[in-house]
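Working notes, structure below.
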Amino acid sequence: MVPQTTGGLDRRLAAAFAFAACLAPTAPALLVGMDTPQLTARMLAEPLSPAARTGVDAWYGPATDGGFWALGLARPTAQLARQLLVDLPMSTPDTGAALLARLAAAGLTVALLPELNDVDTLTDAHQVAAAAPGSRFAGSLRSFDLTPEAAG
């Protein structure tokens, strides 16, 4: 975990990869969105296992809203991170497609992670809680009684 830099999300994500490359130049890096509380280690274990990593340059976790919840690079560099992320339109229904196009243009072999619903709205929160009913997130949501009827 590292502090975020200033700038838009595109620049903050690029800076995180650059920082990871400085800390461990030969190690892969995976950035995961904080709005996917249903994510489990099991969901990442197989696609990120040493056997599955062979020949993979990047990992992409699509979000149901057209964005992405995860991006991983097998060999992150500051230059590659800038190429992939800087000026990428964020929080649009086409963000994920634009990122995939950049990954392809960079000639990277991409492995897909599971598609997840990220939490942007109260409806999303209830869908995610239903997908992971035993999670701390679901328990917290229940404790707030934030049903659409109660909010209405």
Side-chain angles (χ1 to χ4, degrees), residues 1-132 134-141:
M1 189 166 40
V2 298
Q4 288 192 29
T5 62
T6 59
L9 181 58
D10 60 330
R11 293 178 187 282
R12 294 192 316 262
L13 292 173
F17 276 116
F19 191 76
C22 287
L23 284 177
T26 61
L30 178 73
L31 299 182
V32 175
M34 295 296 296
D35 56 353
T36 52
Q38 75 278 37
L39 178 64
T40 65
R42 182 171 291 193
M43 289 178 190
L44 296 176
E46 196 282 321
L48 298 178
S49 70
R53 287 196 315 247
T54 302
V56 174
D57 300 311
W59 295 267
Y60 170 78
T64 56
D65 64 3
F68 63 98
W69 62 267
L71 176 63
L73 297 174
R75 291 169 299 285
T77 65
Q79 179 182 355
L80 178 59
R82 282 191 304 274
Q83 177 184 350
L84 295 174
L85 293 162
V86 171
D87 295 328
L88 182 73
M90 293 289 178
S91 301
T92 75
D94 301 321
T95 298
L99 177 57
L100 282 172
R102 288 187 182 196
L103 289 161
L108 301 179
T109 300
V110 179
L112 293 179
L113 298 171
E115 183 178 69
L116 295 178
N117 189 2
D118 58 1
V119 179
D120 296 324
T121 67
L122 183 57
T123 300
D124 295 336
H126 284 284
Q127 290 171 348
V128 168
S135 67
R136 213 169 63 187
F137 177 81
S140 294
L141 186 64

side-chain hydrogen bond (donor to acceptor under 3.5 Å, both in side chains) involving R82 - partner list, sequence neighbours excluded: none

Tell me every residue that passes side-chain hydrogen bond (donor to acceptor under 3.5 Å, both in side chains) with E115, counting only those two or more places apart in sequence or in another chain. none

Between W69 (side chain) and P62 (backbone), is there a donor-acceptor pair under 3.5 Å? yes

Which atom pairs, donor and acceptor, lie under 3.5 Å between side-chain atoms of residues 92-106 and protein residues at least two apart or in another chain?
{"unit_1": "T92", "atom_1": "OG1", "unit_2": "D94", "atom_2": "N", "d": "3.1"}
{"unit_1": "T92", "atom_1": "OG1", "unit_2": "T95", "atom_2": "N", "d": "3.1"}
{"unit_1": "T92", "atom_1": "OG1", "unit_2": "T95", "atom_2": "OG1", "d": "3.0"}
{"unit_1": "T95", "atom_1": "OG1", "unit_2": "P89", "atom_2": "O", "d": "2.8"}
{"unit_1": "T95", "atom_1": "OG1", "unit_2": "S91", "atom_2": "N", "d": "3.3"}
{"unit_1": "T95", "atom_1": "OG1", "unit_2": "T92", "atom_2": "N", "d": "3.0"}
{"unit_1": "T95", "atom_1": "OG1", "unit_2": "T92", "atom_2": "O", "d": "3.2"}
{"unit_1": "R102", "atom_1": "NH1", "unit_2": "L84", "atom_2": "O", "d": "3.2"}
{"unit_1": "R102", "atom_1": "NH1", "unit_2": "V86", "atom_2": "O", "d": "2.8"}
{"unit_1": "R102", "atom_1": "NH2", "unit_2": "D87", "atom_2": "O", "d": "3.4"}

Distance-only donor-acceptor hits, side chain of residues 39-49, under 3.5 Å, sequence neighbours excluded:
{"unit_1": "T40", "atom_1": "OG1", "unit_2": "M43", "atom_2": "N", "d": "3.3"}
{"unit_1": "S49", "atom_1": "OG", "unit_2": "E46", "atom_2": "O", "d": "2.9"}
{"unit_1": "S49", "atom_1": "OG", "unit_2": "A52", "atom_2": "N", "d": "3.3"}

Compile the donor-acceptor pairs under 3.5 Å between side chains in residues 74-81 and protein atoms, sequence neighbours left out, one pair per line.
{"unit_1": "R75", "atom_1": "NH2", "unit_2": "D57", "atom_2": "OD1", "d": "2.5"}
{"unit_1": "T77", "atom_1": "OG1", "unit_2": "L80", "atom_2": "N", "d": "3.0"}

Can F17 and L71 be said to form a side-chain contact (heavy atoms from CB on, under 4.5 Å), step by step? CA-CA 10 Å; F17 276 116; L71 176 63; 3.7 Å; yes

In short, A129 meets L141 closest at the heavy-atom pair CB-CD2, 3.7 Å

With sequence neighbours excluded, residues passing side-chain hydrogen bond (donor to acceptor under 3.5 Å, both in side chains) with T64: N117

side-chain contact (heavy atoms from CB on, under 4.5 Å) between Y60 and L108: does it pass, once the steps are laid out? CA-CA 11 Å; Y60 170 78; L108 301 179; over 6 Å; no

Hits for side-chain hydrogen bond (donor to acceptor under 3.5 Å, both in side chains) against D10, two or more places apart or cross-chain, chain-then-number order -> none

Assess whether side-chain contact (heavy atoms from CB on, under 4.5 Å) is satisfied between L88 and L13, documenting all intermediate values. CA-CA 11 Å; L88 182 73; L13 292 173; over 6 Å; no

Heavy-atom nearest pair, V128 first then Q38, reads CG1-OE1, 3.4 Å

For residues 22-35, which side-chain donor-acceptor pairs fall under 3.5 Å, sequence neighbours excluded?
none

Indicate the atoms forming the closest heavy-atom contact of L113 with G61, along with that distance. CB-CA, 3.8 Å

How long is the span from the OG1 atom in T36 to the CZ atom in F137, to the nearest 0.5 Å? 10.0 Å

Please enumerate all residues that pass side-chain contact (heavy atoms from CB on, under 4.5 Å) together with A63, with sequence neighbours excluded. D65, D118

Once salt bridge (charged side-chain N to carboxylate O under 4.0 Å, His left out) is applied, do any residues pair with D120, and if so which ones, sequence neighbours excluded? none

Hey, mind stepping through H126 and T123 against side-chain contact (heavy atoms from CB on, under 4.5 Å) and telling me if it holds? CA-CA 5 Å; H126 284 284; T123 300; 6.0 Å; no

